[in-house]
Every structure is written in structure tokens, then in C-alpha cells.
Asks: 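Following this message is one structure expressed as C-alpha cells.
Just so it is clear: chains get the letters A, B, ... in the order the sequence lines come, proteins before strands, and each one is counted from 1. The figures here come from the full heavy-atom set of this structure, side chains too, leaving out hydrogens, waters and symmetry mates.
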Amino acid sequence: MSDNINMSEPDVEAVRDAPQQEESLFEAPPIAEQERMCEAILFASTEPVSVKEMNNRMPHGCDAAEALVHLRKRYEGRGVSVVKIGDAWAMRTAPDLGFLMQKETVETRKLSRAAVETLAIIAYHQPVTRAEIEEIRGVSVSRGTVDQLLEMEWIRFGRRKMTPGRPVTFVVTPQFLDHFGLSSPRDLPGLKELRAAGLLENRPPPGTIPLGLNSDEEEDGMVIDDGQPELFEE
Amino acid sequence: MSDNINMSEPDVEAVRDAPQQEESLFEAPPIAEQERMCEAILFASTEPVSVKEMNNRMPHGCDAAEALVHLRKRYEGRGVSVVKIGDAWAMRTAPDLGFLMQKETVETRKLSRAAVETLAIIAYHQPVTRAEIEEIRGVSVSRGTVDQLLEMEWIRFGRRKMTPGRPVTFVVTPQFLDHFGLSSPRDLPGLKELRAAGLLENRPPPGTIPLGLNSDEEEDGMVIDDGQPELFEE
Amino acid sequence: MAETDLNKTLQMSFAEDQEEISVADRMAAEALIVDVDGFEGPLDLLLTLSRTQKVDLRKISVLELAKQYLDFVERAKRLRLELAADYLVMAAWLAFLKSRLLLPPDPTEEGPSGEELAAHLAFQLERLQAMRDAAAKLMARDRLGRDFFARGVPETVERVRKVTFTATLMDLMQGYARLRTRDEFRPFILDRESVFTMEEALERMRGLIGYAGAWTNILSYLPVGWENDPKKRRSATAATFAASLELAKEGKVFIRQSETFAPIEVRKRDGRDE
């Protein structure tokens with residue numbers, strides 16, 4: 001178990017074990033050893049860990065990105081897999097084994113239909129403004145829906161649009177990707193087809209159409225006060 | 001990601017509900033598959049899991065004990081190991097990789113006044129003994145201060161003085177020169193230049209009694225009020 | 001509550017009117033039986049209505065759809081229901097659209113043609129449907145904490161703070177000068193008031209600034225003996241700051257401050273700035 005090469009004091013060890021001396025003193029550990037390190041770091045964390053942070057934690061000269069390629073391969077087909085989430089990496093149990101884990105299952109709050117649709121629109125159209133979400137759904141977006149998604153950390157504010165009023169936009173977060181097992185928003189199911197069908201275009205309505213409720217985007221994007229209560233509260 | 005053998009719940013239920021079926025119909029999964037299951041369970045569990053509990057969670061006919069032997073072997077020498085804790089099993093990061101569970105933040109602080117003065121004396125008077133430093137500073141030099149400067153590699157031991165007791169001396173290092181942008185210790189501005197620069201401007205008329213003003217800078221309060229002429233004149 | 005009533009009534013009225021028509025039509029109409037969520041606005045209603053046409057949303061007859069919607073709203077109104085403004089606005093717009101689609105185009109009329117408007121409405125319906133399908137696909141994915149799991153016992157990452165020390169040449173020189181003058185000077189308090197003039201500061205800075213090749217906190221230019229007494233320190237700081245500004249004005253130094261209340265730093269202007 002602990003008969004591994006001790007890496008806790010690289011310099012000391014290197015000097016003691018290696019008569020090749022100087023050069024090896026600050027040389028990066030062999031890639032197999034780096035792979036072990038990435039393995040330990042990912043294993044120990046529930047949250048995805050960025051390559052940058054891994055490099056920071058590993059001894060000088062290590063290349064976590066390369067080690068991760070090897071590690072991911074090693075875990076292929078295992079009960080646990082190495083997955084990429086945005087710029088970060090994590091270990092997750094294989095989805096087909098979920099049935100073993102009833103004990104660990106966490107009950108997630110059930111999302112309303114409005115919340116689910118809003119989330120999907122943000123994911124597929126991001127960065128997207130509140131007005132655009134409303135235009136697509138045809139109803140105003142309630143503050144509670146957005147708040148819930150923000151609170152779950154599945155969406156966050158993106159940068160403001162360079163359009164009049166400079167409305168804020170919404171984008172999905174790395175937590176969203178992690179939750180749905182996506183490496184990047186590009187991996188969203190059916191994204192390509194939707195784009196090819198032109199359904200992700202922001203097509204301006206010819207003339208004025210009352211569908212978007214034309215609620216003017218507020219400066220902070222959070223308040224819509226068009227005086228109209230939502231027709232059908234979920 | 002989910003192209004693994006699907007072990008979704010209905011199968012499990014079927015097995016559980018029909019214990020007396022023909023064996024071939026609900027044969028236990030292959031051992032490699034059982035190993036994957038143990039791996040996922042141990043990975044996701046919040047506490048060590050007993051063989052009994054694993055068997056309960058796994059499909060009928062599985063032998064967790066055997067699967068664990070394989071699993072443990074698979075992880076030998078890796079960054080993560082399968083360990084037995086009492087009657088239960090768990091996965092832990094390899095003990096030699098504990099150093100990775102640290103995040104180092106580097107903070108830069110200004111060198112203490114005592115250290116700056118000690119360093120200045122060494123720079124201006126090298127090679128200089130500890131006794132000489134103390135004589136100039138008027139206070140004893142704490143071991144911590146010298147150690148700190150040694151550790152920073154701004155000073156090092158010089159050769160011993162050919163005086164009684166053969167005391168060691170201190171000199172500045174190339175790293176010191178590098179840090180201060182000096183090509184040699186002779187580049188340090190001399191007393192004349194210091195005076196010209198106004199650093200020594202506040203000379204009181206000769207004959208006034210010195211009051212010592214050093215209360216704020218003693219690190220260990222050992223005042224050697226020698227009143228002796230300075231050892232090192234320009 | 002009011003909304004639910006509305007829904008129920010809408011369903012009922014719709015169902016009643018469908019009594020005398022065929023089973024197939026009734027089946028289609030049942031698509032309109034709304035679940036507990038209710039319609040989410042006119043677009044949602046339109047989308048539901050469009051499903052009765054059983055065609056690709058791209059090929060939908062907007063004219064037919066407009067008719068269905070207007071019928072629906074009409075029935076709702078007949079029951080003297082207070083129909084939400086949204087629905088009425090949509091009804092008015094669809095009536096307008098209908099007329100545009102039916103009448104030959106009037107060349108004097110401005111704005112988009114009926115076909116353009118109809119195409120956009122069809123696009124909106126298709127897009128909404130697409131987003132609903134996408135949402136369903138998304139929610140059906142394997143999910144963290146349900147289908148796949150993270151490490152059960154994460155290890156805490158210990159924060160190790162490593163402190164490195166640094167000093168400038170100015171610190172070194174001042175430290176040395178302090179030592180070499182200490183035995184000889186008296187405290188200023190005995191022969192000076194606690195006022196350090198800008199002229200004095202300027203004179204002092206002029207001598208020192210030649211050594212400030214690196215950014216240096218102006219506080220390190222305070223004269224020896226003025227650093228501790230708050231009164232003297234204040235006076236010396238103010239004078240030194242004023243002197244720094246003067247030197248900056250003369251083009252001899254640069255001054256910077258990274259943020260409010262951050263240390264003010266100066267460095268001499270030298271070769272690299274030319």
C-alpha cells in the first residue's frame with residue numbers, strides 16, 4: 001500500500017535515491033506518477049477540479065492535462081469514470097450503476113414546467129436575455145423561476161447584451177454541466193439539429209407581434225414590471 | 001457514457017422477487033461486472049461498506065468478497081487504494097499522495113526591520129560575525145532573524161574569523177545581489193552617498209547625548225548599550 | 001384559483017361544443033384538455049390547438065389555427081369569463097392576421113405581409129415545441145445524484161499559507177542609515193516642532209529619489225524619527241505626499257495607487273520611460 005515511491009518530499013527523495021543528482025532534482029515525476037496524482041486529486045474531490053488547480057497542487061513540471069488523458073483511458077468501462085466538465089475534471093460513478101446507489105440518491109427539488117423550459121432555453125440559446133426567453137415562451141418569466149435556477153447554481157448572469165438598455169443575459173454554469181453529465185454546452189442533446197433547423201436563431205418578428213409581451217428589459221434584468229400577473233401560475 | 005451493460009432496476013426487482021427461478025435465467029453478473037459495482041459503491045459511499053451490505057445492494061448471486069479481492073488488486077500502486085476498515089471496505093487516496101491535498105497560497109510580506117538591519121550590516125560589512133552585528137545594531141541578533149535570512153538564501157556562512165574562538169562570519173549571496181539589482185556588494189551606496197542622499201541628514205550637533213531611540217526595534221529586548229566607537233568606519 | 005376555474009370552464013365549454021362531432025374529432029379535442037399546469041399563455045394555447053392539425057408545425061395552416069383560437073376565445077367570452085388581456089390581445093392580432101391572409105394584399109398598406117406574419121407565428125410555435133422537446137431530453141439525461149454519483153467522502157484540501165519576505169534596496173539603505181545615525185541624533189521632539197514642511201520633504205525626496213528605481217511606498221521616505229508619533233507621522237506623510245506630487249509635476253517621478261487607501265508608490269522616471 002505504501003510501498004510506492006514517496007513523493008512527499010521530492011527533493012530529499014531524489015537526492016537520496018538518485019545518484020544521477022542535479023538534473024533529476026527538479027525534474028517532473030514520471031507520467032505514470034503524475035497520473036496517480038491526478039487520480040488522487042480527482043478522487044478526493046466532489047467538485048470538478050480544473051487543470052490549472054491540479055497543476056498548482058502537483059509538483060513543479062507536472063502536466064496534468066496529459067496525465068488526465070491517460071487516466072481517463074484507464075477508467076474506461078470501469079465502475080467509476082473520469083469526465084470532463086468545462087475546463088475541469090471529475091470522477092463520477094458509471095450511470096448504469098445508479099441502481100446500486102439508492103442510498104446515496106439525493107432528492108432534488110422538482111422543477112416546475114416553467115423552470116424546466118426556462119432552463120432549456122437558457123442552455124440552448126445562451127447568452128440569452130429575459131426578453132428573449134419571454135419571446136420564446138410567449139409568457140413572462142416569473143422572478144421566482146429565475147431565482148430558483150440561480151439558487152440551484154444551474155444558471156448565472158452572463159455579460160450584458162450590447163443592445164439598447166444593455167440587458168443582462170443568462171448562461172448555464174459548470175454545475176449545470178456536471179449535473180447533466182455534459183462536458184460543454186456544445187454537448188447538449190439535439191443542439192446541432194436545432195441549429196440546422198434554424199430554431200436557435202434570434203429571428204425578429206416582422207412588425208410588432210404581441211407574443212413576447214414586449215416587456216421592456218429592466219436595467220438589472222431581474223425585475224419585470226409590466227403590470228401583468230402571470231396568467232396561469234404553476 | 002452509458003453504453004455499459006444496463007442493470008436498471010426492473011432486473012434487480014425480478015431477481016429479488018423470484019428467488020427460486022432457474023439459475024441460468026438470473027445468473028449473477030460476470031465477476032468483472034461485480035468488480036465495477038463494488039468500485040462504484042465504495043466510491044460513492046459516505047462511509048465504509050461491509051461485504052454484507054454490498055451483497056445486499058448488488059444483484060442476486062453476486063459475491064462482493066471475491067469482487068473486492070480483484071478490485072483491491074487492481075488499485076495496487078495507484079493513486080487510490082482499496083482498504084479494509086474493521087469489517088468494512090473503503091477507498092482512500094494513497095497515503096504517499098497526502099501532500100496533494102494541500103493548496104499553497106503564497107503571501108509576500110515586508111521583511112521585518114530587525115531583518116533588514118541585520119541584512120544591511122552583513123551587506124555593508126561582510127564578512128561579519130554575529131558579535132559584530134550585535135555591536136552595530138546595539139541589540140542582540142535573534143536566531144530567528146539569521147535563520148530567516150539564511151533560508152531566503154540572501155546570506156550564507158563565510159569563512160571563520162582568525163580571531164579567538166574562530167567565530168563564523170556571514171556574507172551575502174548572489175541571490176541577494178540579484179534581488180537588489182546589484183552586481184557586487186561594492187555597488188551599495190556608501191555612507192557618503194547615503195549622507196548626500198539625505199539619509200544621514202539628521203546629525204545633531206556633536207556633543208549632545210544620544211538617547212538611543214531603539215525601543216521600537218528590539219526583538220528580544222537585550223540592549224547592549226555599548227557606547228563604543230563604531231567598528232567599521234568607511 | 002381563478003386561473004384554474006378559467007381552465008376548467010374553457011375545457012367544459014370546449015368539450016360541450018364538441019358533443020355532436022365525430023369521435024376522431026373528440027379525440028383531437030381532448031388534446032385540449034389541459035393538465036393541472038394549465039395553458040401558459042396564448043402561445044401555449046396556440047401550440048396545443050395546432051396539434052389537432054396533426055401536421056408538421058412547418059406546414060401548419062395558420063389561417064385554420066387563427067380560426068380555432070378565435071373560436072376558443074369566443075366560447076370563453078360567451079361564458080362571460082373575464083379573459084386575460086394576453087388572450088384578447090392575441091385574439092385581436094390573429095383576427096387582423098386572418099383578414100390579411102384572406103384579403104388580397106393592399107399595395108398602399110405598410111408593414112409585413114400576412115404571409116410573413118403567419119410564417120413567423122409558425123416559426124414561434126415550432127421553436128417553442130423544439131424547446132419543450134429539448135427540455136424533456138435534458139431532464140431525461142443521466143443526472144448527478146440520481147444516476148451517477150460524486151465521491152461520497154471528499155477530502156478537505158488544506159490551505160497552506162506560504163509567506164515569502166521581500167525588501168527593497170531603499171529599505172536596506174534606510175536600515176543601514178538608521179543604524180549609523182542612531183547613536184548620534186537626539187529625538188526630534190526636543191528641538192523641533194511636529195511639523196515637517198513640504199520644502200524639507202522635497203529636499204529630502206530629491207536626494208533619495210535617485211535610488212527609487214522600483215516602485216516604493218512613499219511612507220518609506222518619511223524621515224527617521226517621524227514614523228511613530230502619530231502627529232509627526234501625519235505631518236511628514238502629508239509633506240512627503242505633497243513633495244511627491246511636486247516631483248511628479250516636474251516629471252522626475254511617477255506616482256501610482258492601486259485603489260482607494262492603498263499605499264501610494266513612487267518611482268523615478270528613468271531610461272525605460274523615454
Asks: Quick one: what part of R74(B) sits under 4.5 Å from any heavy atom of chain A, side chain, backbone, both or neither?
Replies: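 Contact with chain A: side chain only.
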Asks: Identify which part of M91(B) has an atom lying under 4.5 Å from any heavy atom of chain A, answering side chain, backbone, both or neither.
Replies: both
Asks: With sequence neighbours excluded, tell me which residues meet side-chain contact (heavy atoms from CB on, under 4.5 Å) with T129(B).
Replies: A131(B), E132(B), K161(B), P167(B), T169(B)
Asks: Which pair of heavy atoms, one from G79(A) and one from A40(B), lies closest together, and at what distance?
Replies: O-CB, 3.6 Å
Asks: Do the side chains of Y75(B) and E39(A) get nearer than 4.5 Å, heavy atoms only?
Replies: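 SC-SC contact between E39(A) and Y75(B) confirmed.
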Asks: Considering residues at least two apart in sequence or located in another chain, which fulfil the side chain to side chain donor-acceptor pair (under 3.5 Å) criterion with Q34(B)?
Replies: none
Asks: Examine whether an atom of E76(A) lies under 4.5 Å from a heavy atom of chain B, and if so say whether it belongs to the side chain, the backbone or both; otherwise answer neither.
Replies: neither
Asks: For a quick test of reading the model, state the closest non-hydrogen atom pair linking L97(A) to M37(B) and the distance between them.
Replies: CD2-CG, 3.9 Å
Asks: Assess whether atom NZ of K52(A) is packed by more than 12 heavy atoms of other residues, nucleotides or ligands within 6.0 Å.
Replies: no
Asks: Please indicate whether D187(A) has more than 12 foreign heavy atoms, meaning atoms of other residues, nucleotides or ligands, lying under 6.0 Å from its CG.
Replies: yes
Asks: Which heavy atom of R57(B) sits nearest a heavy atom of M101(A), and at what distance?
Replies: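 Heavy atoms only, the tightest pair is NH1-CA, 3.9 Å.
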Asks: Considering non-hydrogen atoms only, spot the tightest contact between T93(A) and A44(B) and give its length.
Replies: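 In this case the closest contact between T93(A) and A44(B) is CG2-CB, 4.0 Å.
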Asks: Answer with side chain, backbone, both or neither: which region of L71(B) has an atom nearer than 4.5 Å to a non-hydrogen atom of chain A?
Replies: side chain
Asks: About how many Å separate CG of L100(B) and CG of N56(A), when rounded to the nearest 0.5 Å?
Replies: 12.0 Å
Asks: Does a side-chain heavy-atom distance below 4.5 Å link M58(A) with F99(B)?
Replies: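 No. Closest side-chain heavy atoms not under 4.5 Å.
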Asks: Between R36(A) (side chain) and G77(B) (backbone), is there a donor-acceptor pair under 3.5 Å?
Replies: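 Yes; at least one donor-acceptor contact below 3.5 Å.
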